[in-house]
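Right, one structure below, let's go through it.
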Amino acid sequence: MEIQSVKGTRDFYPEDMAKRNFIADLWKQVSLRNGFVEYDGPIFEYLAMYQLKSGDEIASQLFAFEDRGGRMLAIRPEITPTLARMVNQRINTLPRPLKWFSVPRLCRAERPQKGRLREFFQWNIDIIGVDDCLADAEVIFCSVDFLMQTGLTSSDVIVRISSRKLIAAMLEYFGVEKEQLEKVYGVLDKKSKIPQETFEKMLEEVITEQAKRRKVLELMSVNSLEQLEDFAGSDKNAKEAIDELKKLFEYLNLMGITEFCRFDISIVRGLAYYTGIVFEIYDKSEQLRAICGGGRYDNLLADFGGPKISATGMGMGDCVLGIVLEEKGLFKNLSQKSGIEYFVAFADDALQNEAIKLVARLRRAGLKADFSYKGGSLGKQLKQASMQSAGRCIIVGQEFTQKGELIIKDMKTGNQETIAANEFFSRL
RNA sequence: GUGGGUGUAGCUCAGUUGGCUAGAGCACUAGAUUGUGGUUCUAGGGGUCGCGGGUUCAAGCCCCGUCACUCACCCCA
C-alpha cells in the first residue's frame, strides 16, 4: 500500500521550500529591524497548559497524546502559552519591555480548508510590559512593515482596528449584562462575514430587549471615531477607550502607515483573552480569511500564574499569506536566487579530477559551485549548468593542461574570457 | 460534527450513446550533439482509470457502497 501524506500537511519540494524560506527569512529580518529578539520553545507541552485558559473544548482541536510515563501532552497549537510560561519563569530577571518574536511550526486538528491547514508556520511578535498603546502601534507597524517588504501596498491590504475595551464599555453603557458579553462578542465578530439580516437575527438571540438591540445595531454602523464620540455621550469607560484609539491612530500617523489603517468596530476577535486594542489585517479582495490578527492581552501572564503584566502581540500564519503573495505574483526571482555561482565543466573526461579540485577550491572560498558527475559532451555539461541557473561556467580544457588557463563563460551574456588559473583565484 | 464538489500518468486535463491494446500537453530519461547552454526534432519510461461490489456479451463511462482530497458551515488561539 502506498503511503500518502497526512491530511492537512504539506510536502515542501525545493520550489515550495524556496517560497517558505522567502516568507520565514523576511519575517525574521523585519522582526530584527523592528527591535525584536528571537525565542522558541518545545513543539509539545503539557496538554493542561492549553486547557488552562481555553477549556476542554479546545482539546478536541489539538493533537494530544500520552507519553510512556502517562503524561498527557499536546503538540503546540499556538506559542503564546509557551511565551507566557517562559516569561513568567524568569520574570524577575528579564529587562522590560520585552520585544520577542518567534516563527513556530504549529499543529491544529481542525478540518483543513482554504487558507487553513493542520500544520503551518506562524510568525508571532509580542511586546511585554508596556501599558501604553505605543506598543500596540509598534506591533501594527511591524506587521505592516513586513507586508510592505513583500511588495504589498495599501491598495492590497487593510488593517482593521478596534478595541475590546470600547465594545465592553459601550455594551455596558447600553445595559447589556456582563454575563452576556462573551456571547455578544461572538455575534459581533460575525458581522462583516454574514448578511445584515442574519446578523440581526443572531443578535436577537443574545439580546432580548429591542431597545438595547437597536442601540447595538446603531453602534455597529458607526465608522469613525468622531461619530463614536457623539454616540458614547459622557460614559467614562467609553471615553477612555476612544481616547486610547485616537492616541493609537496618532502614533500610526507618526509612523506613516495611516493609509493602511482603518477603525472598524466590527473587529472583535474570536476568543476571550483580548482586553484592549484588537486588529486584523485583510486582503482587500475580502475573499480570504484574515492574514493576521492580534491585540492586547493584559491578563494572560497572570492567568498563567505570573504577575499582572501587560502585553500585546500579533500572529501571522503562512497559509493565507502564501495565497495572497501567490495571487499577486510576489514570489519573485526565487529560482535565480538559489542558482549556483560557478559551474565547472570539463572538455575531456580525463580532466574531471581537475574540475573536482577547482570546485573544492571555489567552495572553500565561499562560492556556490558545482560540476557534472558523469561528464559527457561539453554541450551536455553546459545544459546542466543552465538547469542549475549557474551565473558563470568555468571550462577546463586543453588550455588548462597546456598553459594552465581557464575559460570563464558568462552564462547570461554568453561572453567568455581566457584567464590563467592563478590569476583567476587571486581575484576571488 | 454537518453539507456540496472532485477522483484517469509526477502535473494540467481529454476520453463520444457503455465497444478494439486508455490518450494529449507539460515534466522526466536518452539520442541527434566527444570544445559551447536555454530552442528544435526523434525515441523511451511512466496508469490495477481511488478502492470494493453490482448491472451487462462488454464498464474509465451506468448503479450501490467505501476511502481520499477539496470547498463551505461549526470553530478559529
Side-chain angles (χ1 to χ4, degrees), chain A residues 1-11 13 15 45 49-55 57-62 74 76-84 104 106-118 120 122 124 126 185-186 189-190 193-194 198 202 268-274 278 280 287-290 292-295 297 300 303 313-317 319-320 335 339 343 345-351 372 374-401 407-416 418:
Chain A
M1 192 176 122
E2 192 178 340
I3 294 175
Q4 52 182 19
S5 56
V6 174
K7 182 210 293 280
T9 64
R10 287 169 291 178
D11 293 329
Y13 287 88
E15 62 270 26
E45 296 264 10
M49 188 172 81
Y50 300 112
Q51 292 169 315
L52 194 65
K53 66 166 186 179
S54 320
E57 205 164 310
I58 230 77
S60 65
Q61 292 188 10
L62 44 78
R76 61 185 179 191
E78 57 170 330
I79 202 170
T80 310
T82 301
L83 172 70
L106 307 175
C107 293
R108 298 176 185 174
E110 298 170 302
R111 275 250 173 122
Q113 51 190 278
K114 192 173 188 185
R116 188 170 82 179
L117 298 170
R118 288 185 156 191
F120 56 96
Q122 191 186 62
N124 282 251
D126 291 278
Y185 289 158
D189 191 47
K190 291 271 178 306
K193 294 152 194 158
I194 57 178
T198 320
M202 287 175 75
V268 182
R269 304 279 298 145
L271 278 200
Y273 74 48
Y274 290 102
V278 285
E280 290 179 350
Q287 298 300 304
L288 298 168
R289 57 187 65 238
C292 83
Y297 51 100
L300 193 68
D303 290 346
M314 176 286 302
M316 181 187 295
C319 300
V320 174
S335 60
F343 187 93
F346 41 99
D348 188 292
D349 285 351
L351 289 168
S372 168
K374 61 178 182 181
S377 73
L378 199 53
K380 280 252 165 66
Q381 294 182 55
L382 286 170
K383 190 169 181 170
Q384 187 185 335
S386 293
M387 296 288 289
Q388 290 182 237
S389 350
R392 290 175 188 177
C393 233
I394 296 177
I395 298 167
V396 189
Q398 285 178 334
E399 328 52 28
F400 185 76
T401 34
I407 295 171
I408 314 294
K409 182 182 177 73
D410 186 305
M411 295 300 278
K412 217 171 212 166
T413 62
N415 297 336
Q416 54 187 55
T418 306

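Since this is a predicted model, take the numbers as computed values, not measurements. Within every chain, numbering begins at 1; the chains are lettered A, B, ... in the order of the sequence lines, protein sequences first and strands thereafter.
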Margin query: Categorize A:Arg269 for me: base, sugar-phosphate, or nothing, with a 4.0 angstrom heavy-atom threshold over every strand shown.
Written below: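 Since only primed, P, OP1 and OP2 atoms lie under 4.0 Å of A:Arg269, the category is sugar-phosphate.
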
Check: So what does A:Thr80 touch, heavy atoms closer than 4.0 Å: a base, only the sugar-phosphate, or nothing?
Finding: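 Contact class for A:Thr80: none.
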
Next item on the list: Hey, which sits more toward the 5' end of RNA chain B by its nearest nucleotide, A:Met202 or A:Glu280?
Entry: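 Whichever sits nearer the 5' end wins; that is A:Met202.
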
Margin query: On RNA chain B, compare the nucleotides closest to A:Ala109 and A:Lys114; which residue's is nearer the 5' end?
Written below: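 In this pair, the answer is A:Lys114.
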
Report yes or no: do [X] and [Y] form a side-chain donor-acceptor pair below 3.5 Å?
X	Y	result
A:Gln61	A:Arg111	no
A:Thr82	A:Glu45	yes
A:Tyr273	A:Asp303	no

Check: How does each nucleotide of nucleotides 36-42 of chain B score, in 5' to 3' order, for protein heavy atoms under 4.0 Å: base (B), sugar-phosphate only (S), or none (-)?
Finding: BBB----

Between [N] atom [atom2] and [X] atom [atom1], what is the distance in whole Å?
X	N	atom1	atom2	answer
A:Glu15	B:G10	CD	P	16 Å
A:Arg108	B:C76	CZ	P	11 Å
A:Arg118	B:A77	CZ	C1'	16 Å

Note to self: It should be established whether A:Gln113 places a side-chain nitrogen or oxygen under 4.0 Å from OP1 or OP2 of nucleotide B:C71.
What the structure shows: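 Negative; the distance criterion is not met.
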
The side chain of [X] lies closest to which of these nucleotides: [options]?
X	options	answer
A:Pro112	B:G35, B:C76, B:U70	B:U70
A:Arg111	B:C69, B:U2, B:A77	B:U2
A:Pro77	B:A77, B:C76, B:U34	B:A77

Check: How about A:Arg289: does its CZ atom have over 12 heavy atoms from other parts shown lying under 6.0 Å from it?
Finding: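 Yes, the 6.0 Å shell around CZ holds more than 12 heavy atoms from other groups.
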
Check: Any Lys/Arg nitrogen of A:Glu280 or A:Arg269 sitting under 4.0 Å from an Asp/Glu carboxylate oxygen of the other?
Finding: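 Yes.
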
Notebook entry, point to check: Which residues satisfy the salt bridge (Lys or Arg N to Asp or Glu O under 4.0 Å) test with A:Arg10, sequence neighbours excluded?
Noted result: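 With neighbours one apart ignored, the set is A:Asp318.
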
Check: Given that both pair distances must be under 3.5 Å and the pair must be Watson-Crick or G-U, what runs of three or more consecutive pairs involve RNA chain B?
Finding: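 B:1-7 with B:67-73, B:10-13 with B:23-26, B:28-32 with B:40-44, B:50-54 with B:62-66 - these are the stems of 3 or more pairs that involve RNA chain B.
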
